[in-house]
Amino acid sequence: MTGSGGGTGWPALAMFGCFVLLTLAITRWAARRTRTAADFYAAGGGITGFQNGLAIAGDFMSAASFLGISAQIFADGYDGLIYSIGFLVGWPIVLFLMAERLRNLGRFTFADVASFRFAQTPVRTLAAMSTLLVVLFYLIAQMVGAGQLIRLLFGLPYPYAVAIVGVMMTLYVLFGGMLATTWVQIVKAVLLLGAASFMATAVLWQFGSPEALFARAVQAKAAAAAAKGAAPAEALAAGRAIMGPGGFIKDPVSAISLGLALMFGTAGLPHILMRFFTVPDARAARTSVLWATGWIGYFYLLTFVIGFGAIVLVGTDPRYLDAAGALRGGGNMAAVHLAHAIGGDLFLGFVSAVAFATILAVVAGLTLSGASAVSHDLYASVFRRGRADQAAELRVSRVTVVALALVAIALGILFEKQNVAFMVSLAFAMAASANFPVLLLSLLWRGCTTRGVVAGGAVGLALALGLTILSPAIWVTVLGHGAAIFPYGSPALFSMPAAFATIWLVSRLDRSGRAAVDRAGYVAQRVRSETGIGAVKASDH
Amino acid sequence: MEQGEAALERLAEDPRYRRLVRRRGRLGLALTAVMLVAYLGFVLLVAFDKPLLARSLAGGATSLGIPIGLGVILLAIALTGIYVYRANREFDAEVAAIVAEARR
């Protein structure tokens with residue numbers, strides 16, 4: 001290590017500099033090709049299924065999943081796998097229920113689809129609100145993680161780190177729109193998959209087989225427990241504990257609730273759904289999910305090997321531990337230290353730069369999604385009733401990008417010392433409780449009405465947010481109250497069914513004139529969604 | 001190729017269209033159910049029978065939980081593959097035929 005308190009020195013800075021130059025060159029190239037709204041929001045629909053699959057993987061594999069999950073495996077072993085499986089199983093659901101219909105009906109945002117046969121103003125307003133909330137919580141979590149990570153990796157002060165992330169993502173989105181965002185995500189996905197593949201291969205090479213790796217990891221954990229004064233039998237049990245589930249899942253209700261949030265939240269994340277409008281047709285949308293699922297699944301297999309490799313190669317090496325036996329720089333550094341153990345300063349620099357790049361790609365996608373909700377849904381459709389000209393809409397979008405970046409930087413700095421661990425799972429819970437039920441029923445249930453989706457979506461959103469505030473993660477950890485009013489880890493088990501039930505009940509009771517129009521529009525919408533008749537084609541360049 | 005709502009509603013009555021939507025919908029629903037059962041089954045196993053997952057697979061360090069966990073990951077990829085395979089081979093051609101006929 002070149003710096004014990006963090007700072008990984010010149011190799012990291014040089015490689016990160018290369019990444020920045022490359023992505024700025026991409027942005028310049030993309031800016032010349034970004035003229036229309038379709039270019040800005042959806043890269044002109046000209047991304048292939050394979051490219052979009054990589055970009056989705058790049059959007060989804062955040063620094064939190066690379067460093068966080070490998071750190072969780074480093075600490076608790078098997079528990080990390082449970083978490084990563086939850087993030088993966090949403091993808092098949094996206095494919096089976098959403099991807100093709102979304103591509104066939106929508107243009108730029110998921111609200112295009114959710115409001116297809118309904119009154120535009122209320123449905124788009126709701127969709128824009130939920131998009132902004134989901135994006136904001138996801139963004140804050142990324143910004144805080146980024147600030148802490150960059151301070152550790154490069155030795156930069158926290159506010160500078162957050163500001164750099166904010167400025168970079170603004171440049172990508174402002175000038176290069178969806179095309180630049182997509183390619184930044186693709187470059188990042190290739191770098192991250194490459195670095196993780198190299199690390200996992202090196203680990204398996206060194207131990208010969210997974211069984212040998214696991215055996216050594218169990219020994220290492222047992223030895224560490226014994227060194228802390230555990231009796232031999234206890235130490236052995238502590239070692240074996242990493243091969244099975246531990247304390248990650250406390251009670252079955254929380255487990256199932258979190259499971260539902262992760263599984264169905266993926267099918268409701270606005271920045272993920274938006275990616276399906278960048279491909280030319282439903283077939284490409286379908287192909288992109290297959291690639292994305294493959295890459296993301298492969299990536300989680302790699303992090304599993306990386307985490308276990310770190311238990312042996314990092315956890316037993318005094319160079320990476322402080323006096324108390326904890327990881328230097330904090331728990332999230334397991335994968336970063338492993339990079340050094342495997343490939344020295346140069347590879348450490350590479351992995352640090354990749355981790356930084358990872359954050360930039362994720363926040364760019366989030367920002368674009370938030371900006372499109374404001375400009376396309378709120379400004380063009382609600383405020384101007386669909387009569388905005390394209391130039392004005394794009395102007396609003398670009399102003400929103402800057403505003404979102406400023407808000408993200410400010411909140412990122414404000415939340416520096418807060419525990420933001422709940423924010424990503426809150427974003428998933430809100431997506432699963434508002435966007436997913438609204439989209440699914442508007443696509444597949446004839447009886448669904450404007451009032452139904454607005455009431456149900458609002459109930460889902462409010463419950464997901466309210467129950468999270470009353471849950472241990474905020475009520476006890478953040479607000480410091482004694483016992484949580486809502487005792488479970490995730491609200492989705494309650495908020496998602498409540499949203500479905502509200503949509504159903506309100507729609508059934510809806511006798512308004514609008515409801516008749518809503519129901520009458522179903523058959524034609526369904527045929528369009530199933531066949532792609534009238535779907536927006538890729539624009540020519 | 002904008003079509004009137006009336007033409008779309010006529011297409012909805014086409015028996016071939018109805019058959020396609022029914023078959024594709026059933027496949028999507030079945031695969032969703034398989035994924036849901038496999039994943040929630042895994043989560044329930046984690047919640048209620050931790051020792052089973054921690055049990056040694058073949059006397060070594062590798063536990064039963066490893067193949068089960070990796071199995072869920074591979075299942076997710078495999079189910080996605082099955083859907084894409086069937087859609088590319090069967091459904092796309094059927095959609096194209098139905099749309100082409102409706103346009104005439």
Side-chain angles (χ1 to χ4, degrees), chain A residues 78 81-82 84-86 88-89 91-93 95-97 100 210-219 240-241 243-246 248-249 251-256 258-260 263 282-283 286-287 289-290 293-294 297-298 300-301 304 444 520-521 523-528 530-534, chain B residues 1-9 11-12 17 20-21 24-25 27-29 31-32 34-36 38-40 42-48 50-56 58 60-66 69-70 72-77 79-81 83-84 87-88 92 95 98-99 102-103:
Chain A
Y78 194 79
L81 184 65
I82 304 171
S84 49
I85 288 174
L88 182 70
V89 291
W91 284 102
I93 308 298
L95 174 64
F96 304 151
L97 301 178
E100 296 176 41
E211 166 65 27
L213 168 65
F214 297 144
R216 287 286 304 277
V218 169
Q219 275 173 21
R240 283 290 308 167
M243 298 311 299
F248 173 57
I249 288 192
D251 64 292
V253 174
S254 293
I256 293 173
L258 180 65
L260 288 178
M263 195 166 189
R283 188 185 177 108
R286 181 194 309 148
T287 317
V289 188
L290 181 58
T293 313
Y298 170 66
Y300 286 139
L301 295 183
F304 192 60
L444 297 177
V523 172
Q525 175 196 296
R526 183 73 195 265
V527 173
R528 288 177 196 276
E530 299 284 350
T531 60
I533 291 175
Chain B
M1 185 199 58
E2 272 311 315
Q3 299 220 350
E5 304 291 289
L8 291 169
E9 277 166 23
L11 187 54
Y17 166 82
L20 166 80
V21 169
R24 186 162 61 184
L27 178 70
L29 220 57
L31 294 175
T32 301
V34 171
M35 192 71 254
L36 199 65
Y39 175 58
L40 288 184
F42 174 71
V43 169
L44 288 174
L45 210 55
V46 168
F48 287 109
K50 291 186 173 61
L52 177 77
L53 289 172
R55 188 184 298 164
S56 171
T62 308
S63 61
L64 191 58
I66 303 281
L70 300 192
V72 178
I73 292 183
L74 296 180
L75 180 72
I77 299 173
L79 294 178
T80 315
Y83 183 87
V84 170
N88 285 354
D92 276 357
V95 170
I98 291 166
V99 172
R103 218 184 297 177

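Since this is a predicted model, take the numbers as computed values, not measurements. Residue numbers begin at 1 in each chain, while the letters A, B, ... track the order of the sequences.
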Practice prompt. Could you check whether the rings of Y83(B) and F96(A) sit parallel, tilted or perpendicular, using 30° and 60° as the cut-offs?
Written response: tilted

Practice prompt. Would you mind telling me which of P92(A), G244(A), A524(A), G521(A) has the largest number of heavy-atom pairs within less than 4.5 Å of chain B?
Written response: P92(A)

Worksheet item: Hey, which of V218(A), I256(A), L444(A) has the most heavy atom pairs under 4.5 Å with chain B?
Response: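 Option with the greatest count: I256(A).
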
Worksheet item: Would you find a donor on one side and an acceptor on the other, under 3.5 Å apart, between the side chain of S63(B) and the backbone of M243(A)?
Response: yes

Worksheet entry | Which portion of I93(A) sits near chain B, non-hydrogen atoms under 4.5 angstrom |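 Only the side chain of I93(A) comes within 4.5 Å of chain B.
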
Worksheet item: Heavy-atom distance under 4.5 Å to chain B: side chain of E100(A), backbone, both or neither?
Response: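 Side chain of E100(A) only, per the 4.5 Å heavy-atom cut-off to chain B.
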
Considering only heavy atoms and a distance below 4.5 Å, find which of [options] pairs most often with chain A.
| options | result |
| --- | --- |
| S56(B), A87(B), A12(B), A58(B) | A87(B) |
| L79(B), V72(B), L31(B) | L31(B) |
| L75(B), L52(B), L36(B), L70(B) | L36(B) |
| L53(B), V95(B), I66(B) | I66(B) |

Item to complete: Please assess L11(B) against I98(B) for the test side-chain contact (heavy atoms from CB on, under 4.5 Å), listing each intermediate value before the final yes or no.
Response: CA-CA 8 Å; L11(B) 187 54; I98(B) 291 166; 3.5 Å; yes

Discussion item. Can you confirm whether more than 12 heavy atoms, excluding those of R216(A), are under 6.0 Å from its CZ atom?
Written reply: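 Open: at most 12 neighbouring heavy atoms sit under 6.0 Å from CZ of R216(A).
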
Discussion item. In the structure I gave you, are the side-chain heavy atoms of T80(B) and W91(A) within less than 4.5 Å of one another anywhere?
Written reply: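 T80(B) does not reach W91(A) side chain to side chain.
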
Practice prompt. Tell me, for R24(B) versus chain A, whether the close heavy atoms (under 4.5 Å) come from the side chain, the backbone, both or neither.
Written response: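 Contact with chain A involves the side chain of R24(B) alone.
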
